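To start, the structure itself, in structure tokens.
Lettering follows sequence order; numbering is per chain, from 1. Every value quoted in this text rests on a predicted model; they were computed, and no experiment measured them.
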2 protein chains.
Amino acid sequence: MIGSMGRWEPNARGRLEQAALELYIERGFEQTTVAEIAKQAGLTERTFFRHFADKREVLFGGTGRLQELLVSTIASAPDSAAPIDAIAAAFEAAGTVLQERREIVRQRQTIIAANAELQERELIKLASLGSALADALHRRGVTDLAASLAAEAGIAVFRIAFEHWINDTGQPDLPQLIRESLDELKAVTAGK
Amino acid sequence: MIGSMGRWEPNARGRLEQAALELYIERGFEQTTVAEIAKQAGLTERTFFRHFADKREVLFGGTGRLQELLVSTIASAPDSAAPIDAIAAAFEAAGTVLQERREIVRQRQTIIAANAELQERELIKLASLGSALADALHRRGVTDLAASLAAEAGIAVFRIAFEHWINDTGQPDLPQLIRESLDELKAVTAGK
DNA sequence: TACGCTGATGACAGCGACTGACATGGGATG
DNA sequence: CATCCCATGTCAGTCGCTGTCATCAGCGTA
């Protein structure tokens with residue numbers, strides 16, 4: 001039969017992610033126990049930890065896909081593109097995707113902003129992203145040092161643009177903010 | 001009397017820091033319990049948590065002083081200095097200090113490199129440092145956006161220089177590496 | 001059909017990080 | 001001398017996280 005149940009409800013991982021998001025919003029991250037998340041998803045605490053390394057990781061399932069998008073955008077940039085421009089193009093593409101999920105992204109960011117441990121996790125995800133971007137540039141023949149710096153600078157540009165996009169009450173355009181942020185970085189680093 | 005004991009041995013905090021450093025080196029961070037650190041320092045686990053917010057924080061007591069040095073260096077830069085140059089001067093000063101404590105810094109970094117949670121803590125300390133630097137620039141009349149970007153770019157430059165300084169088998173000069181890293185960033189961000 | 005294997009889940013015990021509440025007792029202060 | 005202060009000790013408790021073993025539907029295979 002279509003829709004017949006197997007032994008278990010499908011998509012346990014997704015149910016855990018959704019339950020966690022709801023509870024983190026409702027009560028806050030610290031006030032939510034893993035047992036509560038699991039119960040709301042119809043599972044046990046032990047199963048939660050089979051799907052996610054820890055209580056924080058359940059919020060960061062999407063970062064992997066975003067990283068793939070960024071890396072593939074860099075890989076498919078024309079050979080003539082300068083490193084910083086390949087990076088900028090990648091972040092603008094990512095910005096477009098994030099903009100489409102604006103409300104969910106804002107909810108998630110609200111949760112993260114309220115808890116230092118979650119900020120730490122986000123930062124290490126960004127650092128890992130930085131390594132991946134530097135690798136992608138390196139594969140295009142860019143020097144190690146230049147690749148690392150372009151990647152880190154790109155992340156700085158993105159972080160600041162993203163922060164403004166989240167906090168501004170209006171509905172600014174994220175790719176546009178990224179471009180402005182990059183221009184400002186270029187102006188700031190322009191040796192006199 | 002000089003040297004007479006009070007009720008407790010002095011410098012409990014310092015003893016905890018030292019005990020933690022020794023045990024983290026000897027057995028690794030995860031394999032060391034807080035109770036063991038406290039015992040080695042002649043104290044109890046509860047007292048450890050009165051001095052440090054968590055097991056990781058005991059390794060990051062020095063970051064506060066480094067941040068003060070960076071902020072005051074920026075504050076005392078000549079008015080004519082561009083933001084990026086004030087930042088660079090600050091990091092070069094910090095680099096000089098770190099270079100004087102080379103062995104301890106390397107030990108500490110070895111511990112951190114071996115554990116993801118410690119890397120997370122270091123990243124959030126750097127992020128906090130970035131905010132402080134941006135504030136310091138802002139007090140010099142630099143725009144919000146320019147201040148944030150100069151600070152973040154400076155941190156990227158420092159991180160990459162520091163990483164090379166730690167990993168290179170030779171004894172390269174950290175302030176020199178910072179200057180080279182900054183030059184590379186300027187080259188990479190130079191719009192054509 | 002019967003058999004056995006697999007893989008996701010449950011059940012349970014246990015460790016260690018961290019917290020709240022209360023007790024203790026020298027040192028400083030009056 | 002009486003009093004307060006405050007760094008530390010003691011104890012009980014919660015929760016994140018792990019190791020281990022049991023369960024049992026689905027699936028292939030004899």
Worksheet item: Can you name the salt bridge (Lys or Arg N to Asp or Glu O under 4.0 Å) partners of B:Arg46, sequence neighbours left out?
Response: none
Take atom [atom1] of [X] and atom [atom2] of [N], then tell me their distance rounded to the nearest Å.
X	N	atom1	atom2	result
A:Asn11	C:dA8	CG	C1'	14 Å
A:Leu118	D:dG16	CG	P	13 Å
A:Leu16	D:dG16	CG	C1'	16 Å
A:Trp8	C:dG7	CH2	C1'	7 Å
B:Glu117	C:dA17	CD	C1'	10 Å
B:Arg7	C:dA23	CZ	C1'	11 Å
A:Arg56	D:dC17	CZ	C1'	12 Å

Discussion item. Donor-acceptor pair, distance only, cut-off 3.5 Å: does the side chain of A:Ser181 make one with the backbone of A:Leu177?
Written reply: no
Worksheet item: If only atom types and distance count, is the side chain of A:Asp168 paired as donor or acceptor with the main-chain N or O of A:Gly170 below 3.5 Å?
Response: no
Discussion item. Against the six-membered ring of A:Trp165, is A:Arg102 placed for a cation-pi contact (under 6.0 Å from the centre, within 45° of the normal)?
Written reply: yes
Worksheet item: If you draw a 6.0 Å radius around CG in B:Asp79, do more than 12 non-hydrogen atoms from other residues or ligands fall strictly inside?
Response: no
Worksheet item: Would you say the side-chain atoms of A:Gln107 and A:Glu22 include a donor-acceptor pair closer than 3.5 Å?
Response: no
Worksheet item: Using a heavy-atom distance cut-off of less than 4.0 Å, which residues of residues 24-32 of chain B contact DNA chain D?
Response: none
Response to the item:
Under a 4.0 Å heavy-atom cutoff, the residues of residues 33-55 of chain B touching DNA chain D are B:Gly42, B:Leu43, B:Thr44, B:Arg46, B:Thr47, B:Arg50, B:His51
Worksheet item: Only one of A:Gln31, A:Glu30, A:Lys55 clears side chain to side chain contact (heavy atoms under 4.5 Å, CB included) with A:Tyr24; which?
Response: A:Lys55
Worksheet item: Using 4.0 Å as the upper bound for N to carboxylate O, is an ion pair formed by B:Arg108 and B:Glu103?
Response: no
